[in-house]
Amino acid sequence: MSEAVWVVGAAMTKFGRYDDLDAFQLGAQAARAALADADVPIRDVGVLAAGCLQESNNAGQLLLRHIGQTGIPCYNVLNGCATGGTAVRTAVMAVKAGECDVALAVGMEKMGKVGLLGVSHRKAERFQPTGPYGAVMNLEGVVGTNLMPAWFALIGGEYADRYDGVGFEQFAKVAEKNHAHSTLNPLAQYQKPFTLGEVMDAEMIAYPNTLLMCSPTGDGAAAVVVVSESKLRTLGLSQQARAVKVSASVITSDPYRDGGDMQHDTFTTTRNAADQAYETAGVGPDDLDLVELHDCFATAELCHYDSLRLCEPGGAGDFIDSGAPWRDGRLPVNVSGGLLSKGHPIAATGVANVYEVTTHLRGEAGARQIDGARVGLTHVLGGGVNGGWTTVVHILEKAAS
Amino acid sequence: MAETLATSRIPVVSYLVLDDGDPHLAAWRCAGCGALFLDRRVACPSCTGDEFTRQRLAQTGRLRAFTIVHRSPTGAKTPFVAGIVDLDGGGVVKAHVVGVSPDPASVAPGMRLRLTSYPVGVDGEGTEAIGFGFQPEED
């Protein structure tokens with residue numbers, strides 16, 4: 001068995017709007033803060049794994065131009081909304097493989113106010129079948145929908161049809177919770193609570209997801225520094241005491257499912273990643289003290305309770321109704337405010353959730369601290385217009401003192 | 001001149017077969033395991049077999065899930081009902097659900113649906129694109 005990998009530095013920028021900084025400057029702020037947190041200079045970093053969905057080509061190299069151009073290998077990774085998680089996974093893999101003792105993972109994104117993601121229609125001079133389905137025009141709004149709030153509405157809708165006690169109100173309760181949680185997180189893009197009624201009465205985007213049940217666009221970055229066990233022993237006592245063990249680092253893609261090209265199957269890829277992570281870490285869902293999962297839309301979070309085995313099979317409605325995922329509940333979920341309110345600068349998300357859990361395991365989360373947290377799980381999910389899903393799950397544990 | 005050309009029609013996607021007045025959907029069927037695909041695969045992602053045959057899909061099916069899209073960046077007319085339909089005898093497609101009010105009280109998973117087709121656009125040469133949706137099946 002290879003030696004353990006440890007998180008020794010973690011940082012994120014506040015998520016929000018940055019008119020005067022580009023993605024790489026945001027990434028540099030997070031990276032330098034994570035390196036300072038680890039008390040490791042950039043000269044000691046052996047591998048950089050970098051993600052930036054909108055400017056992915058040479059994101060890592062452009063980042064290094066702001067933090068130290070040391071000539072190290074740069075792996076620029078891209079996996080949709082799971083890009084940041086993939087960067088962390090790549091950094092962990094580099095250390096596990098013995099390629100380096102210290103690796104840096106950075107996710108950074110500048111989205112600006114792009115609005116609802118999609119493409120406009122324009123009149124064709126001559127219809128020309130293109131793409132895998134021979135489409136003669138943009139099919140959005142013509143042959144059903146491929147909009148993200150709608151994808152996840154359809155996924156939630158199927159779950160609600162299959163199991164009792166799941167409906168619009170349960171989905172809305174997810175958003176009520178995450179907006180409430182964000183009021184304690186100074187790094188969240190929004191820190192405003194909303195009542196259940198306000199969530200349900202907000203502008204409908206794609207039923208049942210209202211505006212307050214959709215993650216916003218925004219800018220931000222996050223970074224983590226991971227090291228080998230032998231490197232950890234050379235660091236200061238403070239860094240060793242604050243180190244967080246990476247007990248599992250798992251990435252999966254979606255396996256074949258009948259009809260999965262049309263009704264996106266986000267369940268199986270998440271379930272597979274969770275099961276592998278639990279087995280690798282030797283922990284179960286009951287051992288978790290907090291979870292940061294991929295609530296891109298409120299309907300998604302509810303389904304992930306089930307796919308991550310946080311509730312009984314089919315029991316996600318009861319789980320939210322019981323208050324279990326609230327910060328004072330049995331298993332706090334998204335105490336950061338989640339993507340719904342902390343924000344979702346795409347590539348930063350899967351690194352920021354590792355920062356969040358690490359901060360709680362260190363006991364350094366301030367007003368939003370989950371007391372006594374020892375084990376946490378992070379989850380991100382990424383996909384594209386024609387499906388093709390990625391899940392990344394990390395299980396992190398506080399160092400045994 | 002475009003106006004002088006006879007109006008021709010083209011399906012909005014290649015898996016819609018217009019077929020002289022009897023429009024239906026068609027899939028590629030894996031000869032090895034029977035899996036159905038609306039697009040042409042090099043090999044089957046389920047069994048890795050690489051022989052496929054063309055299969056006509058049923059015009060009727062059951063609504064698996066729906067959403068009602070109220071905000072669209074494409075200029076599409078909103079609100080509209082979009083669904084996932086499990087076709088009788090196999091095949092899963094996404095499509096508009098038409099002939100229903102865009103209201104969650106008027107649509108329900110499990111409802112029986114039938115294929116319908118209609119014009120969805122015209123190009124600069126006057127060719128009409130034919131799209132499809134599903135409407136409640138009449139008894």
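What you see below is based on every heavy atom in this structure, not just the backbone, and it leaves out hydrogens, waters and symmetry mates.
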Best-contacting candidate, A:Gly157, A:Ala153, A:Ala135, against chain B by heavy atom pairs under 4.5 angstrom: A:Ala135
Atom of B:Ala129, atom of A:Val136 and distance for their closest heavy-atom approach: CB-CG2, 4.0 Å
Heavy-atom pair with the smallest gap, counting every atom of A:Thr145 and B:Ala82: CG2-CB, 3.5 Å
Rounded distance [0.5 Å steps], CD in A:Glu203 versus CZ in B:Arg71: 4.0 Å
Contact winner vs chain B - A:Gly134, A:Pro129, A:Ala150, heavy-atom pairs under 4.5 Å: A:Gly134
When B:Gly121, B:Ser14, B:Cys44 are compared by non-hydrogen pairs under 4.5 Å with chain A, the top option: B:Ser14
Structural part of A:Leu211 lying under 4.5 Å from a heavy atom of chain B: side chain
Most contacts with chain B, counted as non-hydrogen pairs under 4.5 angstrom, among A:Arg257, A:Met204, A:Arg162: A:Met204
Aromatic ring pairing B:Tyr15/A:Tyr133, orientation class (parallel under 30°, perpendicular over 60°, tilted between): perpendicular
Over all atoms of both residues, closest heavy-atom pair of A:Glu140 and B:Ala76: O-CB, 4.3 Å
Which of B:Val81, B:Val85, B:Ile10 touches chain A most, by non-hydrogen pairs under 4.5 Å: B:Ile10
Interface residue of largest heavy-atom contact number with chain A, from B:Pro102, B:Ala65, B:Ala35, B:Pro79, under 4.5 Å: B:Ala65
